[in-house]
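Read the numbers this way: they start at 1 and go in the same order the structure lists the ligands and their atoms.
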Amino acid sequence: MQQKILVTGGAGYIGSHTCIALHEAGYGIVVYDNLTNSSREAINRVAQLIDAPIEFIEGDVRNAEQLREVFAAHQFFGVIHFAGLKAVGESVAKPLMYYNNNVSGTITLLEVMADYKVKNLVFSSSATVYGDPETLPIDESSPRSCTNPYGQSKLMVEHILEDLAVSDDDWNLVTLRYFNPVGAHISGQIGEDPNDTPNNLMPYISQVAVGKLEKLSIFGNDYPTVDGTGVRDYIHVVDLAAGHVAALQYLEQQADLATNDLATNDSVTNSSAINTSVGFLPINLGSGKGSSVLELVTAFSEVTAQSVPYQFAPRRAGDIASCYASADKAKALLNWQAQLSITDMCVDTWRWQSMNPNGYCPT
Ligand code: NAD
Ligand code: WQD
């Protein structure tokens, strides 16, 4: 049976790529997005790429009434919850907006899910919940702490999900902690389209390369790293999308186990039933490898043959020296691991950027 998935925030950068992967894996999708940081054109392009219409509903996850209508109209197996605001600097300036959108929005969604007994969730968390890590690579049991409202909003939702799992065994809450998503679909038709000047490194590099920005500022060259610049775990967005499919397949397997278990134990005794509840399950999605800012800039210039002028600038407030994942849990539980290289990330980013110098906006 084809399972139907509600994809909140499905018009966004990671959501649009995941819609393609979900369709290719045989899932039915309904996208729910308020387009606050995305455009309808992304959905049009996804529909072209998969050669099928997409059910798109413009709506806000804080709107319980509208969500109820969506849940009443569809039988969902689960929800992938991408919808959220993600700019760290903006969250410092507008904390209430971030807590309202990311925390209240998630609570509203969970309440509606509970009402409709849809209790399978894949939540977009972030490596930001690890703060400044004590040890590397970072595994899922590392301590969590955050220094900005964006990160706090993700951590708060994680705590809410943990409490929910304790309260009721029926919840299956896979919490994917993404490291640094970059890259674009191989077609060059969809990619990351920041509203203003990019905050993140890869879109900044590609906008310098395409001539929209003059020069990259590298924030800090005195970190205790290979070349003094910050080290991060870059993960191709197409790999990330595959990670969501793997998470859903895991949830389906667990649901099947639970059904089989019920059937076999029906006539015997329920005390021997295996607990197949997933509960709160945090999983890192990263490549497991760290790359420095200079290594990424050099790789991008080499593989695209574009020059990326840069200057060194002071450290950016709140930045850490190094951050990279242990991706062992994703491999063990989801049979997922990153396949695409830094070269792929640069080539695909450049294809998207050069084919769409203004993103989804035609002028
Ligand atoms: P994005 O901004 O491209 O996508 C988020 C989507 O959610 C957008 O289409 C936006 O319009 C929508 N949205 C926001 N608030 C909404 C609301 N209240 N109701 C309905 N729709 C709403 O961001 P992305 O990079 O695709 O990130 C997706 C998720 O992953 C976010 O939750 C983000 O915090 C998280 N995440 C992103 C990164 C990253 O670096 N891109 C890293 C870790 C975690
Ligand atoms: C990477 C490296 C910068 C821009 C952020 C969020 C995190 C997560 C992913 C959502 C750092 C350096 C950057 C520039 C630079 N998002 N840099 N010049 O900070 O690791 O993570 O995005 O959850 O929460 O904080 O990513 O791409 O901003 O920075 O030198 O113009 O590039 O200092 O070392 P970051 P980033």
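With rounding to the nearest 0.5 Å, the separation of CG in Leu121 from CG in Leu248 is 10.0 Å. Taken to the nearest 0.5 Å, the CD atom of Glu140 stands 3.5 Å off from the CG atom of Asn284. Between the CD1 atom in Ile57 and the OG1 atom in Thr8 there is a gap of 12.0 Å [rounded to 0.5 Å].
Residue contacts with ligand 1: Ser125 is included, with a non-hydrogen atom under 4.0 Å away. Put simply, part of Tyr150 is less than 4.0 Å from ligand 2, judged by heavy atoms. Using a non-hydrogen distance threshold of 4.0 Å, Ser16 does not register as a contact of ligand 1. At least one heavy atom of Arg316 lies less than 4.0 angstrom from ligand 2. Contact annotation: Tyr310 has no heavy atom less than 4.0 Å from any atom of ligand 2. In this structure, Thr8 has no heavy atom closer than 4.0 Å to ligand 1. The shortest separation from a heavy atom of Pro181 to ligand 1 is under 4.0 Å, placing the residue in contact.
Backbone and side-chain nitrogen or oxygen atoms of Tyr178 are examined, and none is located within less than 3.5 angstrom of a nitrogen or oxygen of ligand 1. Considering backbone and side-chain N/O atoms, Gly12 comes within less than 3.5 Å of an N/O atom of ligand 1. For the pair Val61 and ligand 1, the shortest N or O to N or O distance falls below 3.5 Å. Remark: ligand 2 and Val293 share no N or O pair separated by less than 3.5 Å (distance only, no angle test). Close N/O approach between Tyr13 and ligand 1 is found [any backbone or side-chain N/O within under 3.5 Å]. The shortest N/O to N/O separation between Phe179 and ligand 1 does not fall below 3.5 Å. The N/O atoms of Ser38, backbone and side chain alike, include one that comes under 3.5 Å of an N/O atom in ligand 1. At under 3.5 Å, not a single nitrogen or oxygen of Asn200, backbone or side chain, sits near a nitrogen or oxygen of ligand 1. In terms of polar-atom proximity, His81 is not counted as a contact of ligand 1, lacking any N or O under 3.5 Å from an N or O of the ligand.
When the heavy atoms of Ser126, Gly84, Ser291 are ranked by distance to atom 7 (C) of ligand 2, first place goes to Ser126. For the residues Tyr98, Tyr32, Tyr150, the heavy atom positioned nearest atom 35 (C) of ligand 1 is part of Tyr150. The option with the heavy atom closest to atom 16 (C) of ligand 1, from among Ile57, Val31, Asn34, is Asn34. Ranked by closest heavy atom to atom 11 (C) of ligand 2, the top entry among Met202, Arg232, Gln207 is Arg232.
For ligand 1 and Ser124, the ligand atoms under 4.0 Å from any heavy atom of the residue are 29 (C), 30 (O), 32 (O), 35 (C). Atoms of ligand 2 lying under 4.0 Å from any heavy atom of Tyr234, numbered from 1 in the order shown and given with element: 1 (C), 2 (C). Each of the atoms 19 (N), 20 (C) of ligand 1 lies under 4.0 Å from some heavy atom of Gly59. When each atom of ligand 2 is checked for a heavy atom of Thr128 under 4.0 Å away, the hits are 24 (O). Numbered from 1 in the order shown, with element, the atoms of ligand 2 that lie under 4.0 Å from a heavy atom of Asn199 read 4 (C), 28 (O). The distance from ligand 1 to the heavy atoms of Thr36 drops below 4.0 Å at these ligand atoms: 10 (C), 11 (O), 13 (N), 14 (C), 15 (N). Residue Val88 has at least one heavy-atom neighbour below 4.0 Å for each of these atoms of ligand 2: 6 (C), 25 (O). Using a 4.0 Å cut-off to heavy atoms of Gly230, the atoms of ligand 2 that qualify are 34 (O).
Side-chain N/O atoms of Tyr98 and Glu90 include a donor and acceptor closer than 3.5 Å. For Ser341 and Asp344, the side-chain atoms include at least one donor-acceptor pair closer than 3.5 Å.
No side-chain heavy atom of Tyr116 sits less than 4.5 Å from a side-chain heavy atom of Leu67.
Summary of contacts: the protein heavy atom closest to atom 12 (C) of ligand 1 is Asp33 OD1, 3.3 Å. For atom 5 (C) of ligand 1, the nearest non-hydrogen atom of the protein is Gly84 O, 3.8 Å.
Within 6.0 Å of the CD1 atom in Ile186, the count of heavy atoms belonging to other residues, nucleotides or ligands does not exceed 12. The environment of Lys289 atom NZ is sparse: at most 12 non-hydrogen atoms of other residues, nucleotides or ligands sit within 6.0 angstrom. Heavy atoms of other residues, nucleotides or ligands lying less than 6.0 angstrom from CD of Gln311 number more than 12. Within a 6.0 Å sphere centred on CZ of Phe76, heavy atoms belonging to other residues, nucleotides or ligands number more than 12.
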Step by step, would you call Asp348 with Arg351 a salt bridge (Lys or Arg N to Asp or Glu O under 4.0 Å)?
-> CA-CA 5 Å; Asp348 294 339; Arg351 188 183 300 106; 2.7 Å; yes
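Relative ring orientation between Phe300 and Trp350 is described as perpendicular, the plane-to-plane angle rising above 60° on a 0-90° scale split at 30° and 60°.
At a heavy-atom cutoff of 4.0 Å, ligand 2 is contacted by the side chain of Asn180 but not by its backbone. Only backbone heavy atoms of Leu35 (N, CA, C or O) come within less than 4.0 Å of ligand 1; its side chain stays farther off. Contacts between Asn101 and ligand 1, counted as non-hydrogen atom pairs separated by less than 4.0 Å, involve the side chain only. When non-hydrogen atoms are compared, ligand 2 lies under 4.0 Å from neither the backbone nor the side chain of Val231. At a heavy-atom distance under 4.0 Å, only side-chain atoms of Lys154, from C-beta outward, approach ligand 1. At a heavy-atom cutoff of 4.0 Å, ligand 2 is contacted by the backbone of Ser217 but not by its side chain. Under 4.0 angstrom from ligand 2, the non-hydrogen atoms of Leu201 come from both its backbone and its side chain.
Partner of Val303 under the side chain to side chain contact (heavy atoms under 4.5 Å, CB included) criterion, chosen from Ile342, Val347, Thr298: Val347. No option in Gln3, Glu252, Gln2 other than Glu252 meets the side chain to side chain donor-acceptor pair (under 3.5 Å) test with Tyr27.
Between Tyr250 and Leu334, the shortest heavy-atom distance links the atoms CB-CD2, 3.6 Å.
Here the side chain of Asn200 pairs no donor or acceptor atom with the backbone of Met202 at under 3.5 angstrom. Under the 3.5 Å distance criterion, the side-chain polar atoms of Ser287 are left unmatched by any main-chain donor or acceptor of Ala338. A donor-acceptor pair under 3.5 Å links the side-chain atoms of Gln152 to the main chain of Cys146, judged by distance alone. A side-chain donor-acceptor contact under 3.5 Å links Arg45 to the backbone of Gln189.
Linking Ile, Leu, Val, Met, Phe, Trp and Tyr residues whenever their side-chain heavy atoms come within less than 4.5 Å places Phe280 and Ile160 in a single cluster.
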